[in-house]
Amino acid sequence: MSIPAGTGAELHAFATRLYPICRSITGNGVRETLRLIGERIPLEMQEVRSGSKVFDWEVPLEWNIDEAYVRDGDGRKVVDFGAHNLHLVSYSEPVAQQMTLADLRPNLHVHRHNPDWIPYRTSYYRRSWGFCLRGRDSDRLREGKYDVRIASSLQPGSLTYGEFVLPGRSREEVLLFTHICHPSLANDNASGMAIATWLGAWLGSQPRRYSYRIVFAPGTIGSLCWLKRNEKRLSRVRHGLVLGLLGDSAPLTYKRSRRGDAEIDRIAQYALATLDPQARSIPFEPYGYDERQLCSPGFNLPVGRLTRSVNDGYAQYHSSADDLALISHQQLEASFHACQRICEIIEADRRYINLSPWGEPRLGKRGLYGAVGGNSPAMREHAMLWLLNQSDGASSVLDIAQRSDRPFDMLSQAATELEKAGLFREVRNAASGTTEFRKVVSRAKPRKSKAKQRRKRQ
Amino acid sequence: MSIPAGTGAELHAFATRLYPICRSITGNGVRETLRLIGERIPLEMQEVRSGSKVFDWEVPLEWNIDEAYVRDGDGRKVVDFGAHNLHLVSYSEPVAQQMTLADLRPNLHVHRHNPDWIPYRTSYYRRSWGFCLRGRDSDRLREGKYDVRIASSLQPGSLTYGEFVLPGRSREEVLLFTHICHPSLANDNASGMAIATWLGAWLGSQPRRYSYRIVFAPGTIGSLCWLKRNEKRLSRVRHGLVLGLLGDSAPLTYKRSRRGDAEIDRIAQYALATLDPQARSIPFEPYGYDERQLCSPGFNLPVGRLTRSVNDGYAQYHSSADDLALISHQQLEASFHACQRICEIIEADRRYINLSPWGEPRLGKRGLYGAVGGNSPAMREHAMLWLLNQSDGASSVLDIAQRSDRPFDMLSQAATELEKAGLFREVRNAASGTTEFRKVVSRAKPRKSKAKQRRKRQ
Amino acid sequence: MSIPAGTGAELHAFATRLYPICRSITGNGVRETLRLIGERIPLEMQEVRSGSKVFDWEVPLEWNIDEAYVRDGDGRKVVDFGAHNLHLVSYSEPVAQQMTLADLRPNLHVHRHNPDWIPYRTSYYRRSWGFCLRGRDSDRLREGKYDVRIASSLQPGSLTYGEFVLPGRSREEVLLFTHICHPSLANDNASGMAIATWLGAWLGSQPRRYSYRIVFAPGTIGSLCWLKRNEKRLSRVRHGLVLGLLGDSAPLTYKRSRRGDAEIDRIAQYALATLDPQARSIPFEPYGYDERQLCSPGFNLPVGRLTRSVNDGYAQYHSSADDLALISHQQLEASFHACQRICEIIEADRRYINLSPWGEPRLGKRGLYGAVGGNSPAMREHAMLWLLNQSDGASSVLDIAQRSDRPFDMLSQAATELEKAGLFREVRNAASGTTEFRKVVSRAKPRKSKAKQRRKRQ
């Protein structure tokens, strides 16, 4: 797979367009974001009305914001939402009042560690309001009266998410999930949104064995809405991946599904290990993004997460320093490449049964083998011997690649040749494959005993 | 849990009272020992008659001893049971005769390695007699005639053991077992008897989920008698611990049950590891104390052993050097504390199922979560997320503590809060828990289809 | 087990007799080889006609060779089969023609790495011919005409293999397999043929629990013929070992069966580890010798391979440098000893159930234990305690040896004593043993309840 030159630059440019939009878990910022994505890949838009029950939750009122600021006695805006989305606590209720600094203080938030950064705060489920500002600016505020204005609305409306669905030969689905609720934060998650969009476009141009469903939804309540609306279809999800924090300088990291040994876990770990020796695999834990919901015990979907930093693992996390300088062309491109590679293996990994499992079949007469025995069979022939020996229905090509320490692509290609030669038959999964293989192995015997019975009768 | 100041001193003082009594597997020394223990905790005394069949064994004649000595030609006692209990081979038959040194020699035993120590010897099941003495004293014996007198009795009587039973809310039992057959040996097992007694008193003062049964019995034949008398009740034993060698300077050591992965194994290993980084866990082996019988393959009880040295692992083992100076306040107290901690975890470890397993339930509306999303959820909230995610009936709180690397007590407390909030229900064990959880997960669906059917009918 | 002095020398001498014969997968060289082996151990000869179908294969025409050479313009033989068997590509078709050097070149093969070595080449399944020669000789050939003569025959005939069958008390078999198709190559496989022959002679002189079947057959097609003829008897194969490459200086190496955890795997790994700390155990891979066929997924026999070098693992592999100097007395003898040791453990490893599993049985009253309790039970008594504790039908003596880190022979002997004392009963395998043990454990209860019923009736 080659990435067109400049994919990293394209991803960064798209993240740059997404970055300034003021997103939250509902509202027009989300819709504007989906509209931009929709310019690249056709999205089905879903609206879930405020007040809708979703499991233990309820879709909140829709929040929109026009302007918000704090003005001092001189009429100077000391905090201004117009200057940076993060200045306003997300879901702040409307305010228009004059206050003393002392009364205002409890509603002002600064970053715990860095006086130059604006922290990111939300208050979705408790009516409240607040401003976030740089510590050094906060320290400079003088006693006096301040005009506080938040021109927000909290009205019955809806939560919006978008889906890009690509049908494949199978109805089984690969679920790709990314959160779209964060305002001006570049790594979290303009990076994930850009990569998911580009991945969708690329997948659309490829032949597909599986169907793909890329969901762009607000975190937590958005994925719960998606789960609720798709509850009966969840058994179709064969593999899944949550995409987030994909532009920073931490090494590529795969966070395993709650199951820990799902196919996606083996595929993603293999893909990352072969792409980058620095890549990490970390166990599931119930924090992070929408894997929290997708992997809750009532669903327990085979969904992992591709990330670079873990949520809390970089200083700039949830602050204004998570900006466009934090994410680089190179890292975005490598993350995108990893997603492609995972999808390629998902597509190519198959289980076969060997239809000629008694001894090695003659490869030579099928044109699959050099006819003059030399010092050592060639790589491709070795790959075939491994496949023939191990394909008893229980092992996939990836399993065999790992057991034999041979490249997946070579084995996958050799398996296709064995299938064409009539030596292999694809099976659906380990359980049915094992059963089918047992039938193949025992098939000869009844036939023989029938022949014997016939002879005896004569 | 705080230990009253001076618990170590109290334990040592009680061990000091037990130390001088001449115990054996039967006889009045055992009864006197149980009487002293009974001053602290009310014991039920059990007598098993000589000749009673217990599995492959038979309760021997009861042995008692008045005096025993070897007197030289000058009338001087060169070996005197009055000076130290270990001078006489336990279960020596009565003797009153004059012998040459040459005839006496085969009945004299010295310590293999240390000429200053009296070895400890027994001859329970072969009629015999003998004296044990310091090597340096043995070397000084001169040729000549010796008067040998052993005023012992071997008569039909009984074997004695004592039980302290503490009922709990459940009939399931925690079995604590300690051997009481050794005469003047401080670590082996005045230490274990003292700690078991104090543990009984402490458990009596606590609310109890499980019933507790503390058995004070002679080694081997005593535990076999207990097993025989309780054969039908053994399925009640949920956890068990043999206590012995708890006062010496070796690190706290847990010897796993024969099963190796019983709940008590995980609990005791966790308790010790969190109490003391030097603590050891060693695999089961069929030597030691009554775990040999309790973990024989016909019973295979979930019983481990708490010890410091392993049986043979200290030089003074089974000699007069295993005296009150070998055991210290500090070590006794730390051993006692470990026992308490194991019991606390036994009491507190539970399995729950999450009754709201579809996505994360809203902690905020139940007052379980901070309402303003900050940089990182607090420890307690993390604990809840772990519990909610993992409580599918198969995992106990301790399992989750180990998986999440978070403190057991914090998780245990958070689980109680989740139960109070109606989000958790306790289940009995992994098998039934898994079944119950599956029912919860599938519950919604029939309800829905009923609703559908109703709509269709209309 | 002691090896008669000079076994290594005898093995080398026999390999020296086998070495010069021109073997292939069919023909009189194979028959002559089997005749020599038959002088030592009585072989049943099997002939499988050319054209016979064996699974995916067919027995080829029989190949025999009289003489073969290439003569230059001066009448000098520049390559002469008479000088070394390897000079002729095995299965070369008859040729008698004059050729230019340029036309001849494609039929001349040299060693890839060493100009002093003749490579070994075959062309069994594609009609073709060729000569192999030293690179330095090939370089010296001058332009001109050459007379090429190969006086071979490719005629309907048969493939020959030999079996040495030693009945034992059980019909279950131990299968020993060695390939006999290689011409003048000493390590590969005069070494294996010699050791298999000596092993047969030794096994014939021993009492045998299992039946033994030593198969001397051409590689691949020979083992396929054997598998075909024995297809219905394969379930009798309890353990198996392929023998090859046993004389070189690489450490003793066990290549595990495809199953990876068969009894033979545990036995061979244990035997080698206790014989030689340098010994290696390597996983199964589908290259090598007849384990490729015996462990193909349709058969999946419990067959490992004993080797020194792995196939490709020594420079001289498949060249004239694999000569009698490469294999040493000492290495042959140590390989033979390892085979014996594996057979000894195969014979001695058993599973027992403890018939007195409630507590420890009294060893003393059965004369199995010292009666005076001392400082530490002796090794033999420890062995008995381990056996008694672990023999619940699931574990074999070897399992217990490994778990207890005690010598197999000591445990095996102690188990025999326990069986004689009526405490142990042998069981067939882990599954039936577990069932039988459960019956023993539960036996007491019905008896008791009958007694109770009787009392109630009275």
Contact check, side chains of C/Tyr125 and A/Lys365, non-hydrogen atoms, under 4.5 Å: no

Any A/Trp358 side-chain heavy atom under 4.5 Å of C/Leu227 side chain: no

Choice from C/Glu58, C/Glu285, C/Gln293 maximising heavy atom contacts with chain A below 4.5 Å: C/Gln293

State whether the number of non-hydrogen atoms from other residues, nucleotides or ligands found under 6.0 Å of [X] atom [atom1] is greater than 12.
X: C/Arg105; atom1: CZ; value: yes
X: A/Glu436; atom1: CD; value: yes
X: A/Arg438; atom1: CZ; value: no
X: C/Arg136; atom1: CZ; value: yes

Residue-level contacts of residues 387-407 of chain A with chain C, using a heavy-atom cutoff under 4.5 Å: A/Leu388, A/Asn389, A/Gln390, A/Asp392, A/Arg406

From A/Arg362 atom CZ to C/Ile221 atom CD1, the distance as rounded to the nearest 0.5 Å: 8.5 Å

Interatomic distance, A/Leu355 atom CG to C/Asp56 atom CG [nearest 0.5 angstrom]: 11.0 Å

Partners passing side chain to side chain contact (heavy atoms under 4.5 Å, CB included) against A/Pro251 (at least two apart in sequence or in another chain): A/Gln278, A/Arg280

Non-hydrogen atoms of C/Ser296 and A/Gly359 that approach each other most closely: OG-N, 2.7 Å

Closest approach of C/Trp57 to A/Pro361 (non-hydrogen atoms, all atoms of both residues): NE1-C, 3.9 Å

Portion of C/Phe284 that has a non-hydrogen atom of chain A nearer than 4.5 angstrom: both

Parallel, tilted or perpendicular: rings of A/His382 and C/Tyr287 (30°, 60°): parallel

